[in-house]
Visitor: 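Can you keep this structure in mind? I'll have questions shortly.
If you're wondering where the values come from, they're calculated on a predicted model, not measured in any experiment. In what follows, residues are counted from 1 in the order of the sequence shown.
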Amino acid sequence: MAQETLKSLIAVIMTLPLQEQEQVVIELQDNISRNAGRFNPTEEQKARLRQAYRDSPEGKVFSQEAAHQMMDEFAQEQFAVAV
């Protein structure tokens with residue numbers, strides 16, 4: 001992409017409300033991670049998933065609302081790391 005076009009795109013993004021700018025950053029980070037192959041699960045993530053499978057028959061689960069809240073908090077942490 002030509003530098004002038006890139007600068008124009010960034011200028012447009014800067015005019016968006018803060019929440020929408022954050023969404024752009026999150027989506028760009030996701031895209032970069034996917035393209036860089038960084039979505040390979042870590043050993044900790046694998047262990048947590050195995051534990052979740054063991055916990056679910058016992059009723060040790062999160063509500064959908066709680067799960068979404070945790071995902072939102074994770075996304076905010078990723079945004080903070082990127083900035």
Side-chain angles (χ1 to χ4, degrees):
M1 180 180 290
Q3 285 295 338
E4 188 173 314
T5 304
L6 180 58
K7 288 180 182 180
S8 296
L9 179 58
I10 291 171
V12 169
I13 291 170
M14 296 296 200
T15 65
L16 296 171
L18 183 58
Q19 186 175 5
E20 291 179 11
Q21 288 182 37
E22 290 174 348
Q23 184 63 36
V24 168
V25 169
I26 290 167
E27 290 185 27
L28 286 172
Q29 285 178 322
D30 288 346
N31 186 55
I32 289 168
S33 295
R34 271 193 307 277
N35 290 329
R38 292 186 184 166
F39 271 131
N40 295 330
T42 64
E43 289 305 314
E44 179 184 354
Q45 290 170 326
K46 290 177 186 178
R48 287 180 180 213
L49 183 58
R50 285 190 292 272
Q51 185 63 46
Y53 279 117
R54 287 191 295 269
D55 289 346
S56 63
E58 299 172 15
K60 297 178 183 176
V61 296
F62 293 102
S63 68
Q64 186 173 6
E65 182 178 312
H68 284 285
Q69 182 178 355
M70 285 187 283
M71 288 187 302
D72 290 343
E73 290 170 5
F74 177 78
Q76 288 300 321
E77 288 175 15
Q78 295 301 310
F79 174 72
V81 169
V83 175

Visitor: Is there a path from Leu16 to Leu28 through hydrophobic residues (I, L, V, M, F, W, Y) whose side chains come within less than 4.5 Å of each other?
Guide: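 Same cluster: Leu16 reaches Leu28 through Ile, Leu, Val, Met, Phe, Trp or Tyr contacts under 4.5 Å.
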Visitor: So how far is it from Ile10 CD1 to Gln3 CD, rounded to the nearest 0.5 Å?
Guide: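 One gets 8.5 Å once the value is rounded to the nearest 0.5 Å.
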Visitor: Run the side chain to side chain donor-acceptor pair (under 3.5 Å) test on Gln69 and Glu65 for me, step by step, so that the C-alpha distance in whole Å, both residues' side-chain angles and the decisive distance to 0.1 Å come before the verdict.
Guide: CA-CA 6 Å; Gln69 182 178 355; Glu65 182 178 312; over 6 Å; no
Visitor: Using a strict threshold of under 4.0 Å (side-chain N to carboxylate O), is an ion pair present between Glu43 and Lys46?
Guide: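 So Lys46 pairs with Glu43 through a salt bridge.
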Visitor: Taking Val24's backbone N and O only, do any of them form a donor-acceptor pair with Glu27's side chain (distance below 3.5 Å, no angle check)?
Guide: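 Flag not set: sc Glu27 to bb Val24 has no pair under 3.5 Å.
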Visitor: Quick one: pull up CD in Gln23 and CD1 in Ile13 and give me the separation to the nearest 0.5 Å.
Guide: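 Output value for this atom pair is 12.0 Å.
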Visitor: Using the side chain to side chain contact (heavy atoms under 4.5 Å, CB included) definition, which of the options Gln29, Glu22, Gln21 pairs with Val25?
Guide: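 Of all the options given, the one that passes is Gln29.
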Visitor: Passes side chain to side chain donor-acceptor pair (under 3.5 Å), Gln51 versus Arg54? Steps please.
Guide: CA-CA 5 Å; Gln51 185 63 46; Arg54 287 191 295 269; 2.7 Å; yes
Visitor: Are more than 12 heavy atoms, taken from residues, nucleotides or ligands other than Met14, located less than 6.0 Å from that residue's CE atom?
Guide: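 Not buried by this count: 12 neighbours or fewer within 6.0 Å.
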